[in-house]
J.: 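This is the structure, below, for whatever I ask next.
Index from 1, following the sequence. Quick note: numbers below take in every heavy atom, side chains included, and nothing from hydrogens, waters or symmetry partners.
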Amino acid sequence: MKDKGKSFRLLGGFIITVGLIAIIAVCFIKFMPTSKWMGPDEYFGALGENEAAVIVEDHIASERALILDGSAYIDYTLVQRELNSRFHWDSSASLLLFTTAEQTFEIAPNSTTYVVDGESFDAGYEILKTTSSGMFLSVNFMQQYSDLKCEQFEAPSRILVTFGSKDITTATLKRDCAVRYQGGIKSLIITKVTEDTVVTVLEQMDHWTKILTPDGYIGYVKNGNLKDIEDTQREAYYIGPEYTSIHREGLVNLVWHQINYPEMNANLEADMAGATGVNVVSPTWYFLSDNEGNTQSFADGAYVQKAHEMGLQVWALVSNFSENVSTSTLLSSRTARQNLQHYLVNQALELGFDGINIDFEGIAQEAGYDYVQFMRELSILCRKNQIILSVDVPVPMDFSTHYNRRELGVVCDYVIVMGYDEHYAGSDIVGSVASMDFERTGIENMLQEVPKEKLVSGIPFYARLWYTKTLEDGQTEVTSKAVSMEEAEQILAENGVASTYDESTGQQYAQWTDSEGTLCQIWLENEESIAKRASLVKEYGLSGIAEWVLGNEKDSVWSVIQDNIS
């Protein structure tokens, strides 16, 4: 019996030992970092012959680079989208254009030469390669004119692109360690880094940090492997010609002057009689008339002379409101763009007006690319001839990012945000032309892209009277019309209606039902609402204010504007 008990004890001890070993093994497996690697084809994707992966700061681009005769070329699509959007392919001229503050480079495909201001230069290598898979721009050429650096590595073939003049965070490795594809010890290894290697910190988490290695791998290391984490600024790799700007002394107070036919030019003095404080008038003189860049003009040299005598600058407006014109077609043609640009600048020089105001509205998404190029090219001519260039843009919305307000803020002297049309003609949603929240948010969002020294706040001098009619089938029909300040007050008086303050819009509001059962609604513009809008100029340190349109205001608002912007 004793021997039997001893056997049971031995068996039990053996089972416990085996169990402990199993638990230790499981724990070892669970907490032991994997030593398995992710192959370069899996990490970078399979590379074809002469191809190289492209790493742009914090991600691997989907496009490939080409390595031809020892030189690197990056896919133009990637260049345009992420690296330097000022390289602009013009299909109408079959040229790659590169526009700086002072000049435009003309680069033909598969050529070693390029042209600037009519003079030809030889780069010594092909600048733009075309293949069956697309266009590829020489890294050497792009680096000459871009604030970025491209470093080439082998095995696998790859190019690391980093940008200059950028705030970054760096860290130093305490010891040799593995860089993993994701944060976690079971994630595959993509590369190894040695002690004292300086890496770029992309994202810090509780236990792991996402880094960029000096040779272009993006992965994760444990926080404990890093030391000397610090914020710094990467120096500029390239400093191009300065985009100088022409600015008025003091704040801009611009009013648009609607000119519908030439004889209206003679009304300038009478129309401006009560407009105290205004220092810029913008007559709506030029209208695109065809897709070749020609215009209809109501311009008048006598108007300019009279305005100057009154102490006013003249910024002539050109608009794209014509059913016979495709703005997209015009802007996509280099010949048409140049036709319009040279005409406007020559008109300024001939008639003596001080600035050009571009009011191209309803730009299609696909035309944004050419629209911004048009503004770049026009800015060179204006800069050379000391002509002020301003542009009118809608308040920032997701659907209007193609206006590229950030680039407009670089190339133009002033950017005027049109703080109206929150609700507009043709809309089936009834509401204010510009509530105070709409106005304020528009300015705040613009300031994320355009410096305050260039931003002008455009405000409305009109309201919109809305009619909501119930039809026989029970559906509702919504229409509206724009009315001036005095018209709005007269309409309320005629209908015996008093307005009340609407907290949600910061405006006076009125509604009534007319004799035909139609619901009438209006959000008013008056001295109170204008004072609130004008005060935002001072609050945000903007460069001025602009009013649409002369003649829709009451004389009393001019002193209100002056008191609140100064």
Side-chain angles (χ1 to χ4, degrees), residues 31-45 47 52-65 72 74-75 78-79 81-85 139 142-143 146-239 406 448-449:
F31 295 106
M32 179 66 177
T34 184
S35 59
K36 293 182 179 179
W37 283 68
M38 175 181 286
D41 282 357
E42 186 178 358
Y43 180 69
F44 289 111
L47 298 173
V54 183
I55 305 95
V56 183
E57 288 279 7
D58 60 356
H59 66 282
I60 301 171
S62 57
E63 294 85 0
R64 299 304 195 196
I74 292 183
D75 191 304
L78 175 59
V79 172
R81 188 183 69 242
E82 296 189 45
L83 307 187
N84 189 335
S85 63
V139 163
M142 181 175 61
Q143 284 186 127
S146 308
D147 192 14
L148 54 79
K149 179 169 65 173
C150 300
E151 299 174 89
Q152 193 172 338
F153 301 94
E154 299 298 331
S157 182
R158 61 196 186 278
I159 295 172
L160 171 61
V161 182
T162 55
F163 297 101
S165 310
K166 181 178 180 180
D167 294 329
I168 60 171
T169 302
T170 61
T172 303
L173 270 296
K174 292 180 180 178
R175 59 186 70 86
D176 295 356
C177 68
V179 180
R180 299 185 180 276
Y181 182 62
Q182 295 179 324
I185 59 174
K186 296 304 181 183
S187 181
L188 300 179
I189 298 170
I190 56 174
T191 190
K192 287 190 175 181
V193 286
T194 57
E195 181 182 357
D196 292 332
T197 299
V198 178
V199 297
T200 303
V201 174
L202 301 178
E203 183 182 0
Q204 291 181 282
M205 294 166 286
D206 291 339
H207 305 291
W208 292 82
T209 296
K210 186 178 183 181
I211 64 165
L212 168 67
T213 68
D215 59 350
Y217 283 85
I218 299 167
Y220 294 80
V221 296
K222 278 189 172 181
N223 292 348
N225 288 323
L226 298 175
K227 65 178 181 180
D228 300 334
I229 300 174
E230 59 182 2
D231 295 328
T232 185
Q233 184 176 49
R234 193 181 288 149
E235 292 185 4
Y237 299 131
Y238 164 78
I239 299 175
R406 189 177 302 278
Q448 295 179 28
E449 301 176 289

J.: Under the 3.5 angstrom rule, does the side chain of Lys149 hit a backbone N or O of Leu160 as a donor-acceptor pair?
T.: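 Answer holds: no.
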J.: Is any side-chain heavy atom of Leu226 less than 4.5 Å from a side-chain heavy atom of Val221?
T.: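 SC-SC contact between Leu226 and Val221 confirmed.
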J.: Hey, could you give me the CZ/OG distance between Arg406 and Ser85, rounded to the nearest 0.5 Å?
T.: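 Rounded to the nearest 0.5 Å, the CZ-OG separation comes out at 11.0 Å.
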J.: Yes or no on side chain to side chain contact (heavy atoms under 4.5 Å, CB included) for Ile211 and Tyr220, after CA distance, side-chain angles and deciding distance?
T.: CA-CA 6 Å; Ile211 64 165; Tyr220 294 80; over 6 Å; no
J.: How are the rings of Tyr217 and Tyr43 set to each other: parallel, tilted or perpendicular (split at 30° and 60°)?
T.: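 Rings of Tyr217 and Tyr43: parallel, under 30°.
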J.: Please find the pair of heavy atoms, one from Thr172 and one from Asp196, that lie closest to each other, and give the distance.
T.: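 Closest heavy-atom pair between Thr172 and Asp196: CG2-CA, 3.6 Å.
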J.: Exactly one of Arg180, Lys36, Met38 should register a side chain to side chain contact (heavy atoms under 4.5 Å, CB included) with Ser187. Which one does?
T.: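 Considering Arg180, Lys36, Met38, a side chain to side chain contact (heavy atoms under 4.5 Å, CB included) with Ser187 is found only for Arg180.
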J.: Are the side chain of Gln143 and the backbone of Cys150 linked by a donor-acceptor contact shorter than 3.5 Å?
T.: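 The answer is yes, because a donor-acceptor pair under 3.5 Å joins these two groups.
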J.: Around atom NZ of Lys227, are there more than 12 heavy atoms of other residues, nucleotides or ligands at under 6.0 Å?
T.: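 Yes - once you tally the heavy atoms of other residues, nucleotides and ligands closer than 6.0 Å, there are more than 12.
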J.: How many angstroms lie between atom CD1 of Ile74 and atom CG of Asn84, to the nearest 0.5 angstrom?
T.: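 It comes to 11.5 Å.
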J.: Looking only at heavy atoms, what is the nearest atom pair of Ile190 and Gly219, with distance?
T.: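 Result for this residue pair: CD1-CA, 3.9 Å.
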J.: Any non-hydrogen side-chain atom of Leu148 less than 4.5 Å from a side-chain atom of Tyr238?
T.: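 Side chain of Leu148 against side chain of Tyr238, heavy atoms only: no contact under 4.5 Å found.
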J.: Check Gln204 against Ile229 and note the closest heavy-atom contact, atom names and distance.
T.: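 Nearest heavy atoms, Gln204 then Ile229: NE2-CD1, 3.5 Å.
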J.: Is a side-chain donor or acceptor of Glu230 paired with a backbone partner of Thr169 at a separation under 3.5 angstrom?
T.: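 Side chain of Glu230 to backbone of Thr169, a donor-acceptor pair under 3.5 Å: no, none is there.
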J.: Atom OG1 of Thr197 and atom NZ of Lys174: how far apart are they, to the nearest 0.5 Å?
T.: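 So the gap between those two atoms works out to 15.0 Å.
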J.: Are side-chain heavy atoms of Arg158 and Ile55 found at a separation under 4.5 Å?
T.: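 Yes. Closest side-chain heavy atoms under 4.5 Å.
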J.: Looking at Lys166 and Glu235, does any basic side-chain N land under 4.0 Å from a carboxylate oxygen?
T.: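 A salt bridge is absent here (no side-chain N lies under 4.0 Å from a carboxylate O).
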J.: I need the minimum non-hydrogen distance between Cys177 and Asn225, along with the two atoms involved.
T.: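 Heavy atoms only, the tightest pair is CB-ND2, 3.8 Å.
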J.: Locate the shortest heavy-atom distance separating Met205 from Asn223; write the atom from each residue and the value.
T.: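 The answer is O-ND2, 3.0 Å.
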J.: Answer yes or no: is there a side-chain heavy-atom contact under 4.5 Å between Arg234 and Thr200?
T.: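 In contact.
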J.: To the nearest 0.5 Å, what is the distance between CG on Leu173 and CD on Glu195?
T.: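 If we round to the nearest 0.5 Å, Leu173:CG and Glu195:CD are 9.0 Å apart.
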J.: Do Gln152 and Val139 have side-chain heavy atoms sitting under 4.5 Å apart?
T.: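 Contact flag for Gln152/Val139 side chains = no.
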J.: More than 12 foreign heavy atoms under 6.0 Å from NE2 of His59: is that the case here?
T.: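 Correct, the count exceeds 12.
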J.: Which distance, rounded to the nearest 0.5 Å, do you find between the OG1 of Thr170 and the CG of Leu212?
T.: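 The CG atom of Leu212 is 12.0 Å from OG1 of Thr170, to the nearest 0.5 Å.
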J.: For a quick test of reading the model, state the closest non-hydrogen atom pair linking Val179 to Thr213 and the distance between them.
T.: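 Heavy atoms of Val179 and Thr213 come nearest at CG2-CG2, 4.3 Å.
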J.: Rounded at 0.5 Å granularity, tell me how far CH2 in Trp37 sits from CD1 in Ile189.
T.: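 Going from the CH2 atom of Trp37 to the CD1 atom of Ile189 covers 6.0 Å.
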J.: Do the non-hydrogen side-chain atoms of Asp75 and Arg64 ever get within less than 4.5 Å of each other?
T.: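 Sidechains of Arg64 and Asp75: no contact.
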J.: Could you walk me through whether Ile159 and Glu151 satisfy the side chain to side chain contact (heavy atoms under 4.5 Å, CB included) test, starting with their C-alpha distance in whole Å, then the side-chain angles of each, then the deciding distance to 0.1 Å, before giving a yes or no?
T.: CA-CA 5 Å; Ile159 295 172; Glu151 299 174 89; over 6 Å; no
J.: Going by atom types only, do Asp176 and Thr194 share a side-chain donor-acceptor pair under 3.5 Å?
T.: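 No, no side-chain donor-acceptor contact under 3.5 Å.
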J.: For a side chain to side chain contact (heavy atoms under 4.5 Å, CB included) check, start with the C-alpha distance between Trp208 and Ile185, then their side-chain angles and the critical distance, and finish with the verdict.
T.: CA-CA 10 Å; Trp208 292 82; Ile185 59 174; 3.9 Å; yes
J.: Is a donor from one side chain sitting under 3.5 angstrom from an acceptor on the other, for Thr162 and Tyr237?
T.: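 Indeed, the side chains of Thr162 and Tyr237 share at least one donor-acceptor pair under 3.5 Å.
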